[in-house]
Amino acid sequence: MVDIVTFGESMVLYTPQKNGRLSASQLFEQSFGGAESNVAIGLARLGMKAGWFSRLGEDPFGDFILKQIRGEGVDVSKVIRDKHHETGVMFKEITGIGNPNVYYYRKLSAASYLEPEDLDEDYIRHAKILHLTGITSILSESCLKTVYRAIEIAKENNVKVCFDPNLRLKLFPIHKARPILLRIASMSDYFLPGLEELQLLFDSRELHSIIDNVRKLNIPVTVIKQGEDGCLIVDQEGEKSIPSHRVSQVVDTVGAGDGFCAGFLFSIVRKTSIEDAATFANAVGAHVVQFLGDIEGLPTKDQIEQFMNNKMRIER
């Protein structure tokens with residue numbers, strides 16, 4: 001059995017070989033990405049037993065994604081191949097100005113047809129943590145029902161629930177996403193939002209007001225990701241700021257939040273304190289931003305220890 005189970009859509013990703021607008025790009029590199037599979041891969045590289053599942057089209061893109069995730073050591077035994085719907089595709093545009101732009105082509109994708117009947121209850125029942133994101137919950141009505149059913153299974157079996165809202169306004173407008181994401185957050189044991197996401201979810205830029213609203217959800221532990229400012233742990237007793245792990249150069253911020261989640265969950269399963277888990281998560285997220293791509297910067301246990309201790313790498 002696996003320690004952590006997660007599920008959601010993964011798509012083939014095309015990134016131009018040169019920075020610039022997609023409209024002027026001609027050569028692309030093929031990879032893949034998906035918030036939940038990124039977390040699963042991050043956990044596997046750290047040495048944790050992680051399982052990921054979804055619906056993938058019975059097409060070459062689905063073959064590619066399945067082989068890549070399996071090759072990372074993630075258990076993909078519960079993935080469903082869909083003969084009738086295709087695997088989603090996305091393109092990343094890196095202009096060198098601000099964060100990358102991502103364009104999604106996922107309407108009616110195989111993953112959007114996930115339904116509660118696709119869940120293997122024993123698979124979830126024997127895990128320690130079920131990790132979810134808001135992306136899956138707003139892909140379709142059947143996906144939302146699947147998320148709710150997965151939470152029910154977890155709660156019935158004392159499996160902890162972790163939730164990263166991963167707010168995607170290109171998928172769903174905020175006024176529709178807000179009640180769904182806040183409801184799922186209130187059902188979670190660990191809530192891992194970004195500060196900008198909370199500003200949108202609570203329609204406020206005032207930190208004290210945001211913290212008050214978070215506490216009203218009665219979540220045991222919330223860790224607010226703040227990028228270069230580190231993160232903020234919030235519970236019913238108070239809050240504690242955890243400083244970031246500084247890096248000299250930021251190459252690509254996409255995937256940093258997933259790396260943070262992987263680092264946090266890895267630590268929680270190993271029964272470290274919340275403060276130590278947040279510190280480790282900050283370091284993993286900082287490691288990720290130094291690499292181009294969603295998963296390229298996800299470190300192994302040795303790599304992150306070297307990074308955190310600022311050890312010199314022996315090249316020869």
Side-chain angles (χ1 to χ4, degrees), residues 3-6 39 42-43 46 48 127-134 137 147-148 150-152 154-167 177-246 256-286 304 308:
D3 295 311
I4 297 174
V5 171
T6 187
V39 172
L43 288 163
L46 291 169
M48 190 68 60
K128 294 181 176 69
I129 298 177
L130 170 68
H131 177 65
L132 303 167
T133 81
S137 65
V147 168
Y148 285 147
I151 294 173
E152 286 179 1
K155 294 294 185 182
E156 290 166 0
N157 294 279
N158 296 315
V159 175
K160 299 294 186 182
V161 176
C162 177
F163 180 57
D164 180 347
N166 251 303
L167 186 59
R178 182 180 288 120
I180 294 172
L181 300 185
L182 291 179
R183 181 185 176 193
I184 297 173
S186 71
M187 301 166 76
S188 304
D189 299 284
Y190 304 108
F191 183 37
L192 306 179
L195 179 57
E196 291 182 359
E197 291 173 319
L198 291 180
Q199 290 171 345
L200 290 167
L201 287 172
F202 294 123
D203 193 23
S204 172
R205 300 189 67 84
E206 174 56 48
L207 183 59
H208 291 298
S209 174
I210 289 171
I211 291 173
D212 286 343
N213 282 316
V214 166
R215 286 206 175 96
K216 290 176 183 177
L217 296 175
N218 293 314
I219 306 164
V221 176
T222 296
V223 184
I224 302 173
K225 295 171 283 188
Q226 297 178 294
E228 64 181 15
D229 293 324
C231 62
L232 184 66
I233 300 170
V234 177
D235 57 26
Q236 296 303 322
E237 304 300 321
E239 59 263 6
K240 183 174 183 179
S241 180
I242 305 296
S244 64
H245 195 104
R246 298 291 179 177
D258 301 328
F260 182 98
C261 291
F264 183 81
L265 293 174
F266 171 79
S267 300
I268 291 299
V269 171
R270 289 166 60 89
K271 298 183 179 180
T272 65
S273 68
I274 297 298
E275 291 82 2
D276 286 346
T279 298
F280 188 76
N282 275 342
V284 175
I304 195 62
M308 293 179 74

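In this chain, residues are counted from 1 in sequence order. Here the structure is a predicted model, which means the values were calculated and not measured.
- For the atom pair CD1 of I224 and CD of E196, the computed distance is 12.5 Å after rounding to the nearest 0.5 Å.
- A search for salt bridge (Lys or Arg N to Asp or Glu O under 4.0 Å) contacts involving E152 returns R149, not counting sequence neighbours.
- At least one side-chain heavy atom of S137 sits less than 4.5 Å from a side-chain heavy atom of I184.
- Taking NZ of K155 as the reference point, atom OG of S188 lies at 7.0 Å (rounded to 0.5 Å).
- Applying the ring pair (Phe, Tyr, Trp, His ring centres under 6.0 Å) definition to pairs two or more places apart or across chains, none involves residues 207-230.
- Nearest heavy atom pair, residue F191 against residue L198, reads CE2-CD2, 4.0 Å.
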Before giving the answer on side chain to side chain contact (heavy atoms under 4.5 Å, CB included), spell out for F264 and C231 the whole-Å C-alpha distance, their side-chain angles and the decisive distance to 0.1 Å. CA-CA 11 Å; F264 183 81; C231 62; over 6 Å; no

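- Atom CD of residue Q236 and atom OG1 of residue T222 lie 8.5 Å apart, to the nearest 0.5 angstrom.
- Closest approach of I242 to A278, counting heavy atoms only: CG1-CB, 3.9 Å.
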Do F260 and N282 pass the side chain to side chain contact (heavy atoms under 4.5 Å, CB included) test, and can you show the C-alpha distance, the side-chain angles, and the key distance before you say yes or no? CA-CA 6 Å; F260 182 98; N282 275 342; 3.2 Å; yes

Between K225 and D164, does a side chain to side chain contact (heavy atoms under 4.5 Å, CB included) hold up when you go through it step by step? CA-CA 10 Å; K225 295 171 283 188; D164 180 347; 2.9 Å; yes

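- R178 and D203 are not joined by a salt bridge, as no carboxylate oxygen comes within less than 4.0 angstrom of a charged side-chain nitrogen.
- Here the side chains of M187 and F163 are not in contact, with every heavy-atom distance at 4.5 Å or above.
- Across every non-hydrogen atom of V284 and G259, the tightest pair is CG1-O, 3.1 Å.
- Minimum interatomic distance between C162 and I129 (heavy atoms only, all atoms of both residues): CB-CG2, 4.1 Å.
- Within 6.0 Å of the NZ atom in K240, the count of heavy atoms belonging to other residues, nucleotides or ligands does not exceed 12.
- Annotation: the span from L195 atom CG to L232 atom CG amounts to 8.5 Å, rounded to 0.5 Å.
- For E206, the CD atom counts as densely surrounded, since its 6.0 Å shell holds more than 12 non-hydrogen atoms of other residues, nucleotides or ligands.
- The structure places CG of N166 at 11.5 Å from CG of L132, a figure rounded to the nearest 0.5 Å.
- The salt bridge (Lys or Arg N to Asp or Glu O under 4.0 Å) check on R215 picks up E239, with sequence neighbours excluded.
- F266 and L46 get closest at one heavy-atom pair: CE1-O, 3.4 Å.
- Put simply, the side chain of D235 never gets that close to the backbone of P220: no donor and acceptor are under 3.5 Å apart.
- Separating the CZ atom in F280 from the CZ atom in R270 is a distance of 7.5 Å, to the nearest 0.5 Å.
- Across all non-hydrogen atoms, the minimal contact from L181 to G134 is CD2-CA, 3.6 Å.
- When atom types are taken as modelled, the side chain of S267 and the backbone of T272 share no donor-acceptor pair closer than 3.5 angstrom.
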